[in-house]
Protein chains: 2
Amino acid sequence: MKKEPEFCQFQEALGILVGKWKPVILVHLLNDGTQRFSVLKRKMPGITQRMLTKQLRELEDEDIIQRVIYPEIPPKVEYSITEYGRSLEPILEAMHEWGSSHVARKQAEEPGAQEEKLS
Amino acid sequence: MKKEPEFCQFQEALGILVGKWKPVILVHLLNDGTQRFSVLKRKMPGITQRMLTKQLRELEDEDIIQRVIYPEIPPKVEYSITEYGRSLEPILEAMHEWGSSHVARKQAEEPGAQEEKLS
DNA sequence: GCCATTGGTACCCTCGAGGGAACTATACCA
DNA sequence: TGGTATAGTTCCCTCGAGGGTACCAATGGC
């Protein structure tokens, strides 16, 4: 598996994951399974309808999630991870793990001001 | 390892990896070891001095890479991955792998469209 | 008639990442 | 005396991601 930087495909994965809400959306769908729009929205305090719709559309366009519309009134739309989207899990897993230790490290670094700097 | 979305740490990893040139820089340093500024720049066609400096500084601020200045004229500055930066490798690895299959998938999807991408 | 519900869309704005171009310092070389 | 090399910095600009607000359609409940 040669990684030639000129052709590295990180950007492909990054391009899909980058988006303020995308990773969060994916985790919700991965953890809790199929969910409708309003439920998803309630689980993400701070997000607006506009943004949620936008991020969901982008993920759908990449075939990462699936959108099912039920012809009811009021509308009912359910989102779920696709098989393909599930293949992103290792990346999310790796990032979550790294992120956790990164946070721990940062907290250990600056507990207040200076501590064991005395040599 | 519970992943609570409210507290998910993806953003930590993403925040460090996001940046048009950061993954590429990291791969170069991971693959080829310590390198000076000009060499790095030559390996990244299209990047400007300004941008390379900026991205390197940001990675340095996060303790992902190390900067060593030799007091010579003309200046000599060498960059290398830190131990800590090396811990990002699994993520890059996972993203590269996923990205590669993603590209393959896209090409299989639209056989007539993408051609000159193989250059 | 009036309102709530659900999943959107349309319009407009802000802010920062990315980037282009020019300038800097210092020493060596011809 | 001017040119070259290296690693920057400064100033200014563009463009798009993100976001705020308002509006819509169709139905059921009072």
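Each chain gets a letter, A, B and so on, in the order its sequence line appears, and its residues count up from 1.
Here the side chains of B/Ile25 and B/Leu56 are in contact, with some heavy-atom distance below 4.5 Å. Side-chain contact between A/Glu78 and A/Tyr70 is present, with at least one heavy-atom pair separated by less than 4.5 Å. Counting only heavy atoms from C-beta outward, the side chains of A/Thr48 and A/Thr53 never approach each other to under 4.5 Å. When side chains are defined from C-beta on, A/Asp32 does not count as touching A/Val27, because their heavy atoms never get closer than 4.5 Å. Contact annotation: the side chain of A/Met95 never approaches that of B/Gln11 to less than 4.5 Å [non-hydrogen atoms, C-beta and beyond].
With sequence neighbours left out, B/Glu58 forms a salt bridge (charged side-chain N to carboxylate O under 4.0 Å, His left out) with B/Lys22. Under the salt bridge (charged side-chain N to carboxylate O under 4.0 Å, His left out) criterion, A/Glu62 pairs with no residue at all, not counting sequence neighbours. When the ring pair (Phe, Tyr, Trp, His ring centres under 6.0 Å) test is applied to A/Trp98, the partners found at least two apart in sequence or on another chain are A/His102, B/Tyr84.
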Per-nucleotide protein contact string for nucleotides 3-12 of chain D (B base, S sugar-phosphate only, - none; heavy atom under 4.0 Å): --BBBBBBB-
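At distances below 3.5 Å, not a single donor-acceptor pair connects side-chain atoms of B/Gln9 with backbone N or O atoms of A/Val103. Side chain of A/Thr82 to main chain of A/Ile64: a donor-acceptor pair is present (N/O by atom type, distance under 3.5 Å, no hydrogens or angles).
When DNA chain C is scanned 5' to 3' for any atom under 4.0 Å from a heavy atom of chain A, the first and last hits are C/dT5 to C/dC11.
Axis angle across the helix from C/dG1-D/dC30 to C/dA30-D/dT1, with five pairs used at each end and values rounded to 10°: 30°.
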